Amino acid sequence: MLSYPFSRTTQNSQPSIPNFKASYQVLPPMKIKLVTWNVNSIRTRVDLIARFVEAEKPDIFCLQEIKCTNDQFPHQAVSEMGFGHTEIQGQKAYHGVATLSKVPLKRLDCHDFDGTGQARHLAVEIGIGTRTKKPVVLHNFYVPAGGDVADEDENPKFKCKMTYLREMEKHFTKIAKKDADHHKILVGDLNIAPLETDVWSHKQLLKVVSHTPVEVEALGKVQQSYNWLDMMRHHIPPEERLYSWWSYRSKDWRKNNRGRRLDHIWLSPTMKPASQALKVYETARDWTRPSDHAPVIAELDLDLV
DNA sequence: ATGCCATCTTCTAGATGA
């Protein structure tokens, strides 16, 4: 009998599947725990990542700001966490995204939406194609922060951020016609907190990059371009305050609670029935030498799509 | 309405984050 490399009880076994197509012979679990976490340096945070994986046992783990080249990536440690499938889009010192998985992944593409050559996007197909009626494509994003001044003429970084968002919108508008029969998931640090309840003070952050009306409008257009469902707000009412990032500069982040919801999980409309549960894992923000972002955890039941 | 912290590297200073 073939070993079953993807079950949660044997998660530490190494996958014996040589390639993506062959992996379709094996039936992976259809209840997928998906996590997105801006770790702010994977090399600094590798122990905390292991601690999180031990506690929450994600099946698919999207990381942003890995801040390393592909060569510097801690392959051994990630493999020991049980992720037999890893796709990395790294660069030196800054940015960088990676998608870790216990089920097979097929690397699709990495778009350079703002034309800077920075590593901010990675798309993969999740290897569960024979069990779902359609392919499942997963986009992992790290949208540019945009600097301090919310003016495209005065601040080149803000211009890059806005360009990035406009190009994302174009991309998904185009894809919406071409790939309408695909399931899609978009996660990552989008660096925009769109709702009033996504920031600690709507009024005081209106001119602060991450919550300015022009950014919120641009993100709204990206969302509309593929009719994306905001899974976090699907589970947590928009009236309720919800954050995923707290500045390092606060002495007591929990007491001050001056957070922002910069991290997102979006689903294509076809995936809405799969959306089972959602939480922000704030506990990780309390750990020693934490990331300033908390992991966001989604549970998806792909048997329902 | 900041805070003043944390990451990286041409490394003890400056760029970057948001």
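Chain A is the first sequence line, chain B the second, and so forth, proteins listed ahead of strands; every chain is numbered from 1. A quick note: this is a predicted structure, and the numbers were derived from the prediction, not measured.
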If you measure only the distance, is there a donor-acceptor pair under 3.5 Å linking the side chains of A:E215 and A:S210?
-> no
Sequence neighbours excluded, which residues qualify as side chain to side chain donor-acceptor pair (under 3.5 Å) partners of A:Q91?
-> none
Counterpart residues, salt bridge (charged side-chain N to carboxylate O under 4.0 Å, His left out), relative to A:K207 (two or more places apart) = none
Phosphate-side-chain proximity, A:R258 and B:dC5, N/O vs OP1/OP2 below 4.0 Å = no
Please work out if A:R289 contacts a base, only the sugar-phosphate, or nothing of the nucleic acid, heavy-atom cut-off 4.0 Å.
-> sugar-phosphate
State whether A:S247 places a side-chain N or O below 4.0 Å from either non-bridging phosphate oxygen (OP1 or OP2) of B:dC4.
-> no
Please list, chain by chain and in numerical order, all residues satisfying side chain to side chain donor-acceptor pair (under 3.5 Å) with A:R254, sequence neighbours excluded.
-> A:E282, A:D286
Rounded to whole Å, the CZ-P distance (A:R285 to B:dC5) equals 13 Å
Protein-nucleotides 14-16 of chain B N/O pairs under 3.5 Å:
from   : atom 1 : to     : atom 2 : distance (Å)
B:dA15 : N3     : A:Y94  : OH     : 3.3
B:dT16 : OP2    : A:K157 : NZ     : 3.4

Residues in side chain to side chain donor-acceptor pair (under 3.5 Å) with A:R233, at least two apart?
-> A:T197, A:D198
Would you say a side-chain N or O of A:K251 is under 4.0 Å from OP1 or OP2 of B:dG3?
-> no
Can you name the residues that form a side chain to side chain donor-acceptor pair (under 3.5 Å) with A:H75, not counting sequence neighbours?
-> none
In residues 187-202 of chain A, which residues come under 4.0 Å of DNA chain B by heavy atom?
-> A:D189, A:N191, A:W200
Looking at every strand, decide which applies to A:H293 at a 4.0 Å heavy-atom threshold: base, sugar-phosphate, or nothing.
-> sugar-phosphate
Salt bridge (charged side-chain N to carboxylate O under 4.0 Å, His left out) with A:D230: which residues, sequence neighbours excluded?
-> A:R261
Residue pairs involving residues 143-157 of chain A (criterion side chain to side chain donor-acceptor pair (under 3.5 Å); sequence neighbours excluded) | A:E152-A:R166
